[in-house]
Amino acid sequence: MKRWPFVILAMVVVCLIALPYLSSNYFVRLATFVCLFAALAQSWNFIGGYAGYPSLATAAFYGLGAYAGAICQNHGVPMVLAWVIASVVVAGFTAALGYAVLRLRGHYFAVGSIVSVELLRLSLSAWDSLTGGGGGLNVPIFPGGPQAVGQLFLYVMLGVALMTLAVTIAVDRSRLGFGLRCIRQNEDAANAIGINTTLYKIIAFVLSGTFCGTVGAIYASWTSYIDPTDSFNIVLTLKVPVMALLGGAGTVFGPAVGAATFVIMEEVIWSNFLEYNRAILGVVIVILIFFLPGGLLNIRLRRRAGPQEIAK
Amino acid sequence: METQILVNGLVLGALYACIAVGFSLVWGVLNIINMLHGSLIVLGGYIAFFAYAAFGLHPFLVIPIAGALVAALGYVLQRFAINRVVTQPVLTTLTLTFGLDMIMYNLMTVAWTATPRRITLDLGRVEVAGLLMPVDRLAAMLLAILLTGLLYTVLRSSRIGRAIVAVRMDRDAAALMGIRVPEIYAITFGIGAFMAGASGCLMAVVYPVTPNLTGLFIGKAFVVCVLGGLGSVPGALVGGLALGVIESFAGHWLGPQHALTVGFALMLVLLLVRPTGLMGVRGYE
């Protein structure tokens with residue numbers, strides 16, 4: 001792996017750390033969203049990019065994490081411990097779901113994963129006593145005023161995004177990453193040459209779900225209010241793969257780059273064309289599919305990754 | 001009481017079948033999960049609403065017009081956009097149709113606002129053997145079954161229908177037999193859109209017309225397709241009726257808020273144990 005991506009990454013991290021001291025709360029909030037979606041897109045990349053399984057369950061993990069974290073906090077669990085518990089809950093859920101739906105392929109897997117989002121949304125909305133139903137759930141507001149809270153959550157989200165990136169690099173260089181790439185190219189062949197495809201897919205799925213759960217729990221603490229339609233959002237579940245595709249699915253830095261590009265673009269569109277924001281995002285998706293099928297980073301990375309993969 | 005619930009479920013189920021049959025056809029033949037389907041249904045509903053508001057036309061009379069207009073839109077979209085990526089993996093095609101759906105949803109919201117519009121046709125109720133049925137729902141159900149039957153006949157006995165079945169069974173062999181596959185894809189998508197537009201007219205009688213219902217419709221189409229088995233017209237009918245009855249009974253026994261949950265849960269279970277659906281048919285034979 002070349003050195004320049006890490007130099008750029010270090011510069012970006014330094015800028016983000018300095019941001020709260022240099023600019024207004026608006027940009028801090030925007031930067032937090034960039035980190036949030038970067039973490040989600042990097043997590044999706046494990047199953048969707050490396051293993052090539054079109055998972056549309058991101059919102060299920062994210063929403064479940066948000067609810068698990070919020071419920072823990074409302075029962076007096078300290079914030080950070082609540083995030084950890086939420087991640088563990090989501091990891092368990094993902095393992096169980098993955099054991100079931102990863103046997104499906106292609107379209108059936110996509111539909112199975114998208115249905116898990118709806119199923120969780122409906123179940124949690126119906127479970128009034130625990131989740132507050134459709135009315136949503138309040139989470140204790142973190143003390144310290146908007147400025148300090150904004151800064152704290154930017155750093156926390158940045159930390160999670162960097163964690164997903166670090167795990168991606170580890171996976172990319174390991175047997176697991178190689179096995180997942182084999183599964184993407186030809187699952188039957190991968191199975192035949194001795195890769196435990198079921199295990200590898202479940203690991204990728206759990207990695208993908210756990211971080212989404214963490215991000216969801218942190219989001220709940222950050223905004224201090226969650227509701228079922230916002231947490232289990234079908235648009236979110238499709239937006240995250242689009243970000244990863246935009247940057248380049250199955251690459252190390254692609255999803256984060258795509259997420260940053262997408263969030264900033266979305267913000268500009270929101271502020272200028274409020275009424276047509278959804279249509280313009282649709283146009284962006286169409287353009288992406290037709291003219292950038294490999295993503296922003298892929299042409300260069302593919303040339304570089306070629307000999308490297310053979311060497312492995 | 002139980003019979004009444006069963007009949008209510010069957011009436012609802014026939015409408016679900018009509019919603020899903022076009023979606024199922026496109027999925028089965030083109031191998032595309034068409035996220036646009038919900039918006040196409042709502043577009044059909046709007047055409048019915050405006051025809052009713054402007055000319056006082058009954059929504060059932062508008063079915064051919066609305067169907068043809070939506071079919072033309074579908075044909076153009078498939079011919080010039082979706083055909084370019086139709087052989088790519090599911091994520092690409094699904095994302096593309098979702099992008100197109102976002103555009104359409106947004107345009108409909110801006111043009112006609114999200115305010116629900118309702119067509120009020122009070123045709124009264126009929127009572128048969130102690131069962132009470134609103135006439136408009138009953139008529140919508142009969143039309144839904146009629147349309148589904150019509151589609152079945154077209155696929156079975158027309159030249160185009162045979163070509164569609166051939167493409168579904170084996171694309172390459174069909175191409176070798178002289179069938180122009182891209183053209184058949186566009187026509188199939190057009191037929192799917194026709195069914196969407198037509199069911200939009202039927203739904204306009206039962207539900208208010210608003211872009212916010214697109215998600216509900218597409219969710220129903222998913223469940224019906226998996227329940228009934230992919231790409232088969234009788235399968236969609238069985239799946240639709242099954243879903244209608246299940247929702248109706250689940251709503252009665254567990255409360256209406258759980259009716260949807262039961263449908264989705266059942267679908268997930270069925271997906272795992274029997275991905276070919278209740279009627280595991282291979283083609284449109």
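In what follows, every chain begins at residue 1, and chains take the letters A, B, ... in the order their sequences are listed. What you see is a predicted model, and the numbers here were worked out from it, not measured in a lab.
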Problem - Closest non-hydrogen atom pair between Val90(B) and Pro54(A), with its separation - result: CG1-CG, 3.4 Å
Practice task
Using atom types as modelled and distance alone, determine if a side-chain donor or acceptor of His107(A) lies under 3.5 Å from a backbone N or O of Ile33(B).
Solution key: no
Problem - Atom pair CG/CG of Leu97(A) and Leu268(B) - distance to nearest 0.5 Å - result: 7.0 Å
Practice task
Measure the shortest side-chain to side-chain distance between Val286(A) and Ile103(B) over non-hydrogen atoms and say whether it is less than 4.5 angstrom.
Solution key: yes
Handout entry: Residue, of Thr95(B), Thr109(B), Asp101(B), that accumulates the most heavy atom pairs under 4.5 Å with chain A
Key = Thr95(B)
Problem - Gap between atom CG of Leu120(A) and atom OG1 of Thr261(B) - 0.5 Å precision - result: 10.5 Å
Problem - Heavy-atom proximity to chain A below 4.5 Å, by part of Asn31(B) - result: both
Exercise for the section: Pull out the residues in residues 69-78 of chain B that come under 4.5 Å of chain A, heavy atom to heavy atom, sorted by number. Expected result: none
Practice task
Could you pull out the closest heavy-atom pair between Tyr276(A) and Leu107(B), with the gap in Å?
Solution key: CE2-CD2, 4.1 Å
Problem - Any side-chain heavy-atom pair of Phe222(B) and Ile114(A) under 4.5 Å - result: yes
Practice task
Check whether Leu288(A) gets within reach of chain B through its side chain, its backbone, both or neither, counting any heavy atom under 4.5 Å.
Solution key: neither
Handout entry: Rounded distance (nearest 0.5 Å) linking atom CD of Glu118(A) with atom CG of Leu216(B)
Key = 9.0 Å
Handout entry: Whether over 12 other heavy atoms sit under 6.0 Å from Phe290(A) CZ
Key = yes
Handout entry: Structural part of Val284(A) lying under 4.5 Å from a heavy atom of chain B
Key = neither
Exercise for the section: Would you mind checking which part of Val115(A) comes under 4.5 Å of any heavy atom in chain B, side chain (CB onward), backbone (N, CA, C, O), both or neither? Expected result: side chain
Practice task
Compare all side-chain heavy atoms of Phe98(B) with those of Leu56(A) and state whether any distance is below 4.5 angstrom.
Solution key: no
Practice task
Looking only at non-hydrogen atoms, find the nearest pair between Glu275(A) and Val110(B) and report the distance.
Solution key: O-CG2, 3.8 Å
Practice task
Report yes if some heavy atom in the side chain of Met267(B) is under 4.5 Å from a heavy atom in the side chain of Val111(A); otherwise report no.
Solution key: yes
Handout entry: Euclidean distance, Leu94(B) CG relative to Leu238(A) CG, rounded to 0.5 Å
Key = 6.0 Å
Handout entry: Residues in side-chain hydrogen bond (donor to acceptor under 3.5 Å, both in side chains) contact with Thr93(B), at least two apart in sequence or another chain
Key = none
Problem - Criterion side-chain contact (heavy atoms from CB on, under 4.5 Å) against Ile289(A), the qualifying member of Thr92(B), Leu91(B), Ile82(B) - result: Thr92(B)
Exercise for the section: Using a cut-off of under 4.5 Å on heavy-atom pairs, state which of Gly219(B), Ala81(B), Pro89(B) scores highest against chain A. Expected result: Ala81(B)
